[in-house]
Amino acid sequence: MADFCAGSFRFPLGERTYIMGILNVTPDSFSDGGRYFGRDAALSHAQEMEREGADILDIGAQSTRPGHTPVTAEEEWARLEPVLRNLRGRTALPLSVDTYYPSVAAAAVEAGAAIINDVSGSLENGMPRVAAETGAGLVMMHAGGGADDAGRGDALEAVRRYFRTALEAAAAAGLPAERVCLDPGIGFGKDRAGDLALAARLGELTAEFPDTAVLVGASRKRVIASCCSPEPPAGERLAGTLAFHTVVQWNGAHILRVHDVAAAVQAARVADALRRAAK
């Protein structure tokens, strides 16, 4: 059985689905901007997600929603550092940092993070080398043209090509495949039809990369709203998120990145049980 390894943490693939809880320490996230921006609020929410059954905490200090205003590496680190340093020793969970700045990623690992969640989609920003040198696990995400609806055409083939080249880039940097996690990038550089096709046909990708971890995050995203009429606001997309994530879980996703941890854990455990029953 293959593993995803990150720092001192090991995640056997196929035993069960892992839940990554989202902790946004930014004032402008698309669904909960500002709610956990303060250090105390962030720490309280992190501990709440741990109680609810999260396996990983993913901390982000910069919004990636469409139209967001990028912040500098210095500002991002100023937001991340107090949260990371205060969580260290207060949680047994592995910490992931959501960034596309290699300097921030390196500092975050030094401060206790075990996973770098790089949403840039870049294969040339040096992030695989940072992960190789620090021992962190690395999430490599297909971003296409970015967070806007820039992608057209065959999303599955575009993601397949990215996954192949991402693993090649990681190997070239000395990062073992067991420390790489691939993310198809739902909502990044794709239209909604592309997002849906990726979920419905994800099994084709997971079958092609059977020994590599795959993460999917569709929590509260526009693809959920696009299936409904009228379209629900971000805070009212839990049921749709659970439906989307259950499909990708059935199709082989190993990690689900979510806002609503308690509901996601319950849904994942049921889907895990159903998959075992089907074998």
Side-chain angles (χ1 to χ4, degrees), residues 1-4 11-22 53-56 58 117 119 121 137 139-144 151 153-167 177-178 180-228 237-261 263-279:
M1 179 181 295
D3 296 328
F4 172 50
F11 302 90
L13 305 182
E15 286 189 357
R16 65 183 179 89
T17 305
Y18 301 101
I19 299 300
M20 173 185 276
I22 298 169
D55 298 292
I56 305 165
D58 187 48
N117 185 8
V119 298
V139 180
M140 303 179 77
M141 189 190 82
H142 175 265
D154 189 338
L156 194 80
E157 183 55 33
V159 172
R160 178 183 283 114
R161 289 195 302 268
Y162 175 79
F163 280 6
R164 290 171 179 166
T165 54
L167 288 171
E178 67 182 9
V180 174
C181 179
L182 300 171
D183 180 349
I186 300 298
F188 287 80
K190 304 162 186 72
D191 60 17
R192 303 295 72 80
D195 288 333
L196 293 172
L198 280 166
R201 299 175 58 192
L202 187 69
E204 297 176 35
L205 291 177
T206 54
E208 186 171 338
F209 305 93
D211 296 327
T212 305
V214 172
L215 178 152
V216 174
S219 186
R220 303 182 185 176
K221 288 186 176 178
R222 288 172 296 161
V223 64
I224 307 302
S226 73
C227 299
C228 309
R237 299 174 187 170
L238 174 58
T241 295
L242 294 176
F244 194 104
H245 279 172
T246 297
V247 169
V248 298
Q249 179 182 348
W250 190 269
N251 285 333
H254 304 101
I255 304 172
L256 302 175
R257 184 176 180 273
V258 310
H259 294 90
D260 304 283
V261 169
V265 168
Q266 185 178 108
R269 295 294 80 80
V270 173
D272 281 340
L274 288 168
R275 289 193 72 199
R276 288 193 294 269
K279 292 180 180 179

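Given the structure is predicted, the values throughout are model-derived calculations rather than measurements.
- Under a 3.5 Å cut-off, the side chain of Asp55 and the backbone N or O of Ile19 do form a donor-acceptor pair.
- Side-chain contact between Val248 and Pro184: absent, with no pair of heavy atoms (C-beta onward) separated by less than 4.5 Å.
- Enclosure of atom CD in Gln266 is not indicated, since only 12 or fewer non-hydrogen atoms of other residues, nucleotides or ligands lie within 6.0 angstrom.
- Between Cys181 and Ile255, the shortest heavy-atom contact is SG-CD1, 4.1 Å.
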Margin query: I'd like to know whether Arg220 forms a salt bridge (charged side-chain N to carboxylate O under 4.0 Å, His left out) with Asp260, so could you lay out the CA-CA distance, the side-chain angles of the two residues, the decisive distance to 0.1 Å, and finally the verdict.
Written below: CA-CA 9 Å; Arg220 303 182 185 176; Asp260 304 283; 3.1 Å; yes

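- Classification of Asp272 and Arg275 as a salt-bridged pair fails, no side-chain N sitting under 4.0 Å from a carboxylate O.
- Proximity of Phe188 to Met141: side-chain heavy atoms (C-beta onward) are separated by under 4.5 Å at one or more points.
- Considering OG1 of Thr17 and CG of Leu256, their distance stands at 6.0 Å, rounded to 0.5 Å.
- For the pair Arg269 (side chain) and Ala264 (backbone), a donor-acceptor distance under 3.5 Å is absent.
- Going from atom NE2 of His142 over to atom CG of Leu198 covers 8.5 Å, rounded to the nearest 0.5 Å.
- Annotation for Ala253 and Leu202: closest pair CB-CD2, 4.0 Å, computed over non-hydrogen atoms.
- Here CD of Glu178 is found 7.0 Å from CG of Asp3. Values are rounded to the nearest 0.5 Å.
- In terms of heavy atoms, Asn251 sits closest to Ala199 at ND2-O, 2.9 Å.
- Interatomic distance, Glu15 CD to His254 NE2, rounded to the nearest 0.5 Å: 11.0 Å.
- Proximity of a side-chain donor or acceptor of Tyr18 to a complementary backbone N or O of Pro12 within less than 3.5 Å is detected.
- A side-chain donor-acceptor contact under 3.5 Å links Lys190 to the backbone of Gly185.
- Under the 4.5 Å side-chain criterion, counting only non-hydrogen atoms from C-beta, His245 is in contact with Thr241.
- With respect to the salt-bridge test (charged N to carboxylate O, under 4.0 angstrom), the residues Arg257 and Asp183 do not qualify.
- Scanning all heavy atoms of the two residues, the minimum distance from Gly21 to Val261 falls at CA-CG2, 3.9 Å.
- Rounding to the nearest 0.5 angstrom, the gap separating the CD1 atom in Ile224 from the CG atom in Leu196 is 8.0 Å.
- A salt bridge does not link Arg160 to Asp154: none of the charged side-chain nitrogens sits closer than 4.0 Å to a carboxylate oxygen.
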Note to self: Walk me through whether Ser226 and Asp195 qualify under side-chain contact (heavy atoms from CB on, under 4.5 Å).
What the structure shows: CA-CA 11 Å; Ser226 73; Asp195 288 333; over 6 Å; no

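- Atom-to-atom distance recorded for Met140:CE and Thr165:OG1 is 8.0 Å, nearest 0.5 angstrom.
- Ring planes of Phe163 and Phe209: perpendicular class, angle over 60° (limits at 30 and 60°).
- Scanning all heavy atoms of the two residues, the minimum distance from Val265 to Gly53 falls at CG2-O, 3.7 Å.
- Scanning all heavy atoms of the two residues, the minimum distance from Phe244 to Val216 falls at CE2-CG1, 4.4 Å.
- Side-chain contact between Leu205 and Val214 is absent, with no heavy atoms from C-beta onward closer than 4.5 Å.
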